[in-house]
Engineer: 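Below is the structure I would like to discuss, written out as C-alpha cells.
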Amino acid sequence: MGLELCRFIELPIIHDPRGNLTFAESGRHIPFDIKRVYYLYDVPGGATRAGHGHKALHQLVIAMSGSFDIVLDDGSRTRRYHLNRSYYGLYIAPMMWREIDNFSSGSVCMVLASEFYDEADYFREYGDFKAATEAAAARRT
C-alpha cells in the first residue's frame with residue numbers, strides 16, 4: 001500500500017463545437033461508489049487546504065476550473081501532483097495525508113468521495129497519521 005495506489009484517471013470527453021462534456025460513472029471510470037460530492041472554491045491565493053488523512057475513504061479530486069497542486073504522503077514518501085484539466089481526476093487511496101496548495105485565481109476543486117462524512121475516519125494530526133502508518137507497516141513485516 002502507498003503512493004503507487006494513487007493515480008490520474010482520464011475521464012471521457014465528448015467533443016462538440018458548442019462546448020465539451022465530460023462525465024464520470026461509479027464502477028466504470030471511478031474505482032468506488034460515489035456517496036458524497038463536495039467542492040472548494042474562492043480559495044485565497046497562497047492558502048493551503050486539506051492537511052488531513054483518511055482511514056478508509058477513497059476520493060477522486062478534479063480541477064473543475066483553474067489549477068492547484070496536491071501533495072500526497074503515505075507516511076514514508078511524498079509526491080506532488082498538479083491538476084489543471086477538468087477531464088483528469090486524481091484518485092486518492094485511503095491512508096494518505098494530503099495538502100492542497102498553489103490554487104490559481106478562480107479555481108474550483110471538486111471531490112467525489114466513497115463515503116458519507118464521518119469525522120471518525122479523519123486523521124487531523126500528522127503525528128497520529130504517521131503512527132498509524134508505522135503500525136500498519138510493522139504488522140506487515
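Bear in mind the structure is a predicted one, so any value in this text is a computation, not a measurement.
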Engineer: For Val108, does its backbone N or O pair with a side-chain atom of Ser65 as donor and acceptor, under 3.5 Å?
Structural biologist: no

Engineer: According to a hydrophobic-cluster definition based on side-chain heavy atoms being under 4.5 Å apart (Ile, Leu, Val, Met, Phe, Trp, Tyr only), do Tyr41 and Val37 belong together?
Structural biologist: yes

Engineer: Are Phe103 and Arg49 packed together at the side-chain level, in the sense that at least one heavy-atom pair is separated by less than 4.5 angstrom?
Structural biologist: yes

Engineer: Main chain of Ile34, side chain of Ser26: is a donor-acceptor contact present, judged purely on distance under 3.5 Å?
Structural biologist: yes

Engineer: Do you know the tightest heavy-atom contact between Asp74 and Gly2?
Structural biologist: OD2-CA, 3.4 Å

Engineer: Which distance, rounded to the nearest 0.5 Å, do you find between the OG of Ser114 and the CD1 of Ile92?
Structural biologist: 11.5 Å

Engineer: Closest approach of Phe123 and Trp97, non-hydrogen atoms and distance?
Structural biologist: O-CZ3, 3.4 Å

Engineer: Is any side-chain heavy atom of Val43 closer than 4.5 Å to a side-chain heavy atom of Phe68?
Structural biologist: no

Engineer: Would you find more than 12 non-hydrogen atoms of other residues, nucleotides or ligands less than 6.0 Å from Arg28 atom CZ?
Structural biologist: no

Engineer: Is a donor on one side and an acceptor on the other found under 3.5 Å between the side chain of Ser67 and the backbone of Leu83?
Structural biologist: no

Engineer: Taking all non-hydrogen atoms of both residues into account, name the closest pair between Ala93 and Cys6 and its distance.
Structural biologist: N-SG, 3.6 Å

Engineer: With under 30° as parallel and over 60° as perpendicular, where do the rings of His54 and His52 fit, or are they tilted in between?
Structural biologist: perpendicular

Engineer: I need the minimum non-hydrogen distance between Ile100 and Ile70, along with the two atoms involved.
Structural biologist: CG1-CG1, 4.0 Å

Engineer: Please say whether more than 12 non-hydrogen atoms of neighbouring residues, nucleotides or ligands are located less than 6.0 Å from OH in Tyr39.
Structural biologist: no

Engineer: Under a 4.5 Å cut-off applied to non-hydrogen side-chain atoms, are His58 and Pro94 in contact?
Structural biologist: yes

Engineer: Would a 4.5 Å heavy-atom cut-off, applied to side chains only, mark Arg77 and Glu4 as touching?
Structural biologist: yes

Engineer: To the nearest 0.5 Å, what is the distance between CG on Leu3 and CE on Met95?
Structural biologist: 12.5 Å

Engineer: Is there side-chain contact between Ile62 and Thr22, with at least one heavy-atom pair below 4.5 Å?
Structural biologist: no

Engineer: Between CG of Leu60 and CG of Leu90, what distance do you get to the nearest 0.5 Å?
Structural biologist: 7.5 Å

Engineer: Following the transitive rule for hydrophobic clusters with a side-chain heavy-atom cut-off under 4.5 Å over Ile, Leu, Val, Met, Phe, Trp and Tyr, establish whether Met110 and Ile30 coincide in one cluster.
Structural biologist: yes

Engineer: Is it possible for you to say whether Tyr117 and Leu40 belong to one hydrophobic cluster, with membership spreading through side-chain heavy-atom contacts below 4.5 Å?
Structural biologist: no

Engineer: Please check if atom CD in Glu125 has more than 12 non-hydrogen atoms from other residues, nucleotides or ligands closer than 6.0 Å.
Structural biologist: no

Engineer: Is the count of non-hydrogen atoms from other residues, nucleotides or ligands lying under 6.0 Å from Tyr38 atom OH greater than 12?
Structural biologist: yes

Engineer: Do Asp73 and Tyr126 pass the side-chain hydrogen bond (donor to acceptor under 3.5 Å, both in side chains) test, and can you show the C-alpha distance, the side-chain angles, and the key distance before you say yes or no?
Structural biologist: CA-CA 10 Å; Asp73 178 338; Tyr126 184 77; 2.7 Å; yes

Engineer: Minimum heavy-atom separation for Pro31 and Ile9, please, with both atom names.
Structural biologist: CD-CD1, 3.8 Å

Engineer: Does some side-chain heavy atom of Asp16 sit less than 4.5 Å from a side-chain heavy atom of Leu21?
Structural biologist: no

Engineer: Calculate, to the nearest 0.5 Å, the distance between atoms CD and CG belonging to Glu25 and Leu11 respectively.
Structural biologist: 10.5 Å

Engineer: Measure the shortest side-chain to side-chain distance between His29 and Phe23 over non-hydrogen atoms and say whether it is less than 4.5 angstrom.
Structural biologist: yes

Engineer: Between Tyr91 and Tyr81, does the ring centre distance come in under 6.0 Å?
Structural biologist: no

Engineer: Do Asp121 side-chain atoms and Lys55 backbone N/O form a donor-acceptor pair below 3.5 Å?
Structural biologist: yes

Engineer: State whether the number of non-hydrogen atoms from other residues, nucleotides or ligands found under 6.0 Å of Asp118 atom CG is greater than 12.
Structural biologist: yes

Engineer: List the atom of Arg98, the atom of Ala50, and the distance in Å for their closest heavy-atom pair.
Structural biologist: O-CB, 3.4 Å

Engineer: With side chains defined as the heavy atoms from C-beta onward, is the minimum distance between Leu57 and Arg36 less than 4.5 Å?
Structural biologist: yes

Engineer: Mind checking whether Leu112 and Leu5 sit in one hydrophobic cluster, side chains of I, L, V, M, F, W, Y counted as touching below 4.5 Å?
Structural biologist: no

